[in-house]
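Notes follow the structure.
In what follows, every chain begins at residue 1, and chains take the letters A, B, ... in the order their sequences are listed. Note that the structure is a prediction, hence the values are computed from the model and not measured. All values below come from the heavy atoms of this structure, side chains included, with hydrogens, waters and symmetry mates left out.
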2 protein chains.
Amino acid sequence: MPDEDSLPEAHEQAARFTQVREAHKTEATEDYVELIDDLIRVNGEARLVDVASRMGVTQPTASKTLARLQRDGFINSEPYRSIFLTDQGKTLANESRLRHEIVFNFLLAIGVSRDAAVRDSEGMEHHVSEETLKVFEKVIRQNSK
Amino acid sequence: MPDEDSLPEAHEQAARFTQVREAHKTEATEDYVELIDDLIRVNGEARLVDVASRMGVTQPTASKTLARLQRDGFINSEPYRSIFLTDQGKTLANESRLRHEIVFNFLLAIGVSRDAAVRDSEGMEHHVSEETLKVFEKVIRQNSK
DNA sequence: CTTATAATTTAGCCTAGGCTCAGTTTATAC
DNA sequence: GTATAAACTGAGCCTAGGCTAAATTATAAG
Ligand SMILES: [Mn+2]
Ligand SMILES: [Mn+2]
Ligand SMILES: [Mn+2]
Ligand SMILES: [Mn+2]
């Protein structure tokens with residue numbers, strides 16, 4: 001229970017929420033490019049039908065999101081054809097996968113079950129700062145020794 | 001780099017993203033009731049102007065969100081008057097604060113700076129399962145010994 | 001090669017959650 | 001007590017990201 005002067009400064013607290021909102025803005029993009037990259041590696045191509053089923057959304061929803069990703073320069077695709085990552089998209093996919101793996105392996109390292117680690121890391125990954133990520137990596141290294 | 005059969009089952013992967021989307025649906029509600037509860041404790045009342053400035057949004061935005069919270073039974077307020085939590089709202093505020101504190105203290109325990117812990121926990125808290133939370137608590141206990 | 005199926009797109013709808021600008025109500029100062 | 005300032009509301013706009021239903025295009029089967 002906080003006492004009289006226990007509230008953080010308003011502008012600092014606001015900055016926290018603004019940062020979370022910023023993270024959420026890029027979240028869909030990161031998850032999509034990461035998935036598209038995986039699909040290309042494993043299947044040789046990324047098709048809308050697979051993106052939609054793996055994202056857990058309908059095809060029109062995935063189609064609309066992909067249109068936005070194309071507008072913003074992360075992917076390329078011609079109508080009715082499969083999806084390609086731009087250089088910008090590839091870079092973001094690699095960064096996102098790396099960060100995701102660190103968060104996932106960190107959860108495993110501290111004793112979280114594989115199932116929970118898979119599920120929790122999907123959301124947590126977007127809210128971990130560079131500083132925290134470094135700490136996560138240190139914990140992973142210590143635990144593998 | 002994943003090889004041929006490295007993709008998770010589609011329906012499992014979809015469930016992950018669905019879970020993250022569910023978390024995001026309740027996120028604003030949790031952050032708002034937690035803040036309202038804090039304001040009542042410290043200031044004696046929760047006013048829109050403070051909610052807005054601390055959430056980092058404009059007053060009309062906060063006003064609209066609060067209307068939704070009232071519609072959904074988390075708060076009560078009469079026009080132009082301050083905001084009260086319903087029993088449902090108080091319960092959610094307490095649960096949210098507890099979880100938030102655990103995530104925050106966990107980050108401190110593993111060596112993250114106070115600043116980064118404050119910032120990262122604001123987003124992470126909404127993506128931590130009960131199982132992971134228990135592991136976090138264990139790490140906190142071990143570190144305080 | 002034609003037909004049926006699968007994949008993709010388009011149109012149109014919805015909610016959440018941002019914003020600005022303008023109006024109303026409450027609180028403060030004088 | 002009245003004028004001014006602060007707080008709150010309302011209208012209207014926007015984007016993201018969900019959905020369904022229907023049209024279009026591409027692929028597969030026979
Ligand atoms: Mn994710
Ligand atoms: Mn919180
Ligand atoms: Mn939060
Ligand atoms: Mn999130």
>> If you only use heavy atoms from C-beta on, which nucleotide in dA7(C), dA21(D), dC8(D) is closest to the side chain of L48(B)?
In response: dC8(D)
> Between H126(A) and H100(A), does any side-chain donor sit less than 3.5 Å from a side-chain acceptor?
Replying inline: no
>> Let's see if you can work this out: which of dC19(D), dT8(C), dG18(C) has an atom nearest to the side-chain heavy atoms of T61(A)?
In response: dC19(D)
> Near Q142(A) CD, under 6.0 Å, is it more than 12 heavy atoms from other residues, nucleotides or ligands?
Replying inline: yes
> dT27(D), dT20(C), dC8(D): which one has an atom nearest the side-chain heavy atoms of T58(B)?
Replying inline: dT20(C)
> Of all the nucleotides listed (dT9(D), dG17(D), dA16(C)), which has the minimum atom distance to the side chain of A28(A)?
Replying inline: dG17(D)
>> Pairing donors with acceptors under 3.5 angstrom, does anything connect the side chains of T29(B) and T26(B)?
In response: no
> Any idea which of dT27(D), dA11(D), dA16(C) is nearest the R68(B) side chain?
Replying inline: dA16(C)
> Which comes earlier along DNA chain D counting from the 5' end, the contact point of Y80(A) or that of A46(B), where each point is its nearest nucleotide?
Replying inline: A46(B)
> Taking the nucleotide of DNA chain D with the closest heavy atom to each, which residue, R47(B) or P79(A), is nearer the 5' end?
Replying inline: R47(B)
> To the side chain of V57(A), which of dG18(C), dG18(D), dG17(D) is closest?
Replying inline: dG18(D)
>> Taking only side-chain N and O atoms of R21(B), does any of them lie within less than 4.0 angstrom of OP1 or OP2 on dC19(D)?
In response: no
> Out of dC19(D), dG12(D), dT8(C), which has the shortest distance to the side chain of K64(B)?
Replying inline: dG12(D)
> Would the number of heavy atoms belonging to other residues, nucleotides or ligands and lying under 6.0 Å from CD of E130(A) be above 12?
Replying inline: no
